[in-house]
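Below is one structure, written out as structure tokens; the observations come after it.
In this text, all values refer to a predicted model and were calculated from it rather than measured experimentally.
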Amino acid sequence: MAMTDSEFHHLADEMFTALETAIEQAIDEQDADVDIDASGNVLQLSFEDRSQIVINKQEPLHEIWIATKFGGYHFGYEDGKWLDTRNNLEFMPFVLDSITKQSGIQLSI
């Protein structure tokens with residue numbers, strides 16, 4: 001059964017909130033230098049070295065797209081998980097690993 005737009009936003013917003021909370025905790029505990037800009041369907045993370053990770057909701061496709069300095073990735077919701085459409089990596093472990101690789105900041109969710 002196809003996901004509705006409201007279901008998509010609910011699931012995506014839950015994940016965005018969990019990620020923002022983990023980053024805010026890292027800022028407090030590790031004195032991490034991360035700027036979080038959440039605006040509309042976009043969550044932009046800016047790091048000390050000026051690199052960015054941009055995560056955005058693609059409502060028409062019901063996907064979450066992430067752009068890192070290593071490449072761009074698209075995640076769709078399947079069987080209760082957000083999975084990369086190319087290699088089936090799960091979103092949260094992937095984004096946490098990307099943040100660590102790009103900034104050295106360790107997050108836990």
Side-chain angles (χ1 to χ4, degrees):
M1 189 167 103
M3 180 186 307
T4 67
D5 288 348
S6 65
E7 288 170 326
F8 166 73
H9 283 290
H10 175 75
L11 291 166
D13 288 345
E14 277 183 342
M15 198 164 48
F16 276 36
T17 300
L19 193 53
E20 285 181 74
T21 301
I23 292 168
E24 287 164 1
Q25 188 174 351
I27 291 169
D28 291 342
E29 293 174 0
Q30 303 173 42
D31 198 27
D33 189 359
V34 185
D35 289 328
I36 304 170
D37 182 14
S39 174
N41 289 336
V42 179
L43 179 63
Q44 185 171 305
L45 310 176
S46 301
F47 303 105
E48 192 172 8
D49 67 356
R50 290 199 159 115
S51 69
Q52 296 180 333
I53 291 179
V54 179
I55 305 165
N56 64 62
K57 295 186 247 178
Q58 294 295 319
E59 181 179 0
L61 303 172
H62 289 171
E63 290 183 351
I64 294 177
W65 291 5
I66 178 171
T68 72
K69 69 180 184 180
F70 311 108
Y73 305 86
H74 302 175
F75 292 81
Y77 197 77
E78 275 184 54
D79 300 323
K81 298 177 183 174
W82 289 99
L83 299 174
D84 180 42
T85 57
R86 282 183 295 199
N87 57 26
N88 273 349
L89 291 172
E90 198 171 341
F91 177 85
M92 201 56 82
F94 174 83
V95 78
L96 296 179
D97 186 52
S98 295
I99 289 169
T100 299
K101 282 183 186 170
Q102 197 160 317
S103 70
I105 298 166
Q106 299 278 332
L107 301 180
S108 57
I109 293 184

Smallest separation among heavy atoms of A38 and L43, with atom names:
CB-CD1, 3.9 Å
Honestly curious: do M3 and F75 fall in one hydrophobic cluster under the side-chain, below-4.5 Å linking rule?
yes
H9 vs N41 side-chain heavy atoms within contact, under 4.5 Å:
yes
Does the side chain of F16 reach to within under 4.5 Å of the side chain of K57, using non-hydrogen atoms?
yes
Cation-aromatic face contact K69/F47, 6.0 Å, 45 degrees:
no
Measuring from atom CD of E29 to atom CD1 of I105, what distance do you get when rounded to the nearest 0.5 angstrom?
12.5 Å
With rounding to the nearest 0.5 angstrom, report the CZ to NZ distance, F94 to K101.
7.5 Å
Taking the side chain as everything from C-beta on, heavy atoms only, tell me whether L11 gets closer than 4.5 Å to E14.
yes
Within the structure provided, determine whether E90 and L83 are in side-chain contact (heavy-atom separation under 4.5 Å).
yes
To the closest 0.5 Å, what do you measure between CD1 (I66) and CD1 (I64)?
9.5 Å
Does the side chain of I36 reach to within under 4.5 Å of the side chain of L45, using non-hydrogen atoms?
yes
T4 side chain to E7 backbone, donor-acceptor under 3.5 Å:
yes
Using a 4.5 Å cut-off on heavy atoms from C-beta on, say whether the side chain of I99 contacts that of L19.
yes
Taking all non-hydrogen atoms of both residues, which atom of A26 and which atom of Q106 are closest, and how far apart?
CB-O, 4.3 Å
Under 3.5 Å side-chain donor-acceptor pair for D49 and S51:
yes
To the nearest 0.5 Å, atom CD of E48 lies from atom CD of Q102 at 13.0 Å
Under the side-chain contact (heavy atoms from CB on, under 4.5 Å) test against Q44, which residue among V54, I53, D35 passes?
V54
Close side-chain approach of Y77 and H62, heavy atoms under 4.5 Å:
no
Check W65, Y73, F91 against I55 for a side-chain contact (heavy atoms from CB on, under 4.5 Å) and give me the one that passes.
F91
If you measure from CG on D84 to CD on E63, what distance do you get to the nearest 0.5 Å?
9.5 Å
Report the distance from atom CG of L89 to atom CH2 of W82, rounding to the nearest 0.5 Å.
15.5 Å
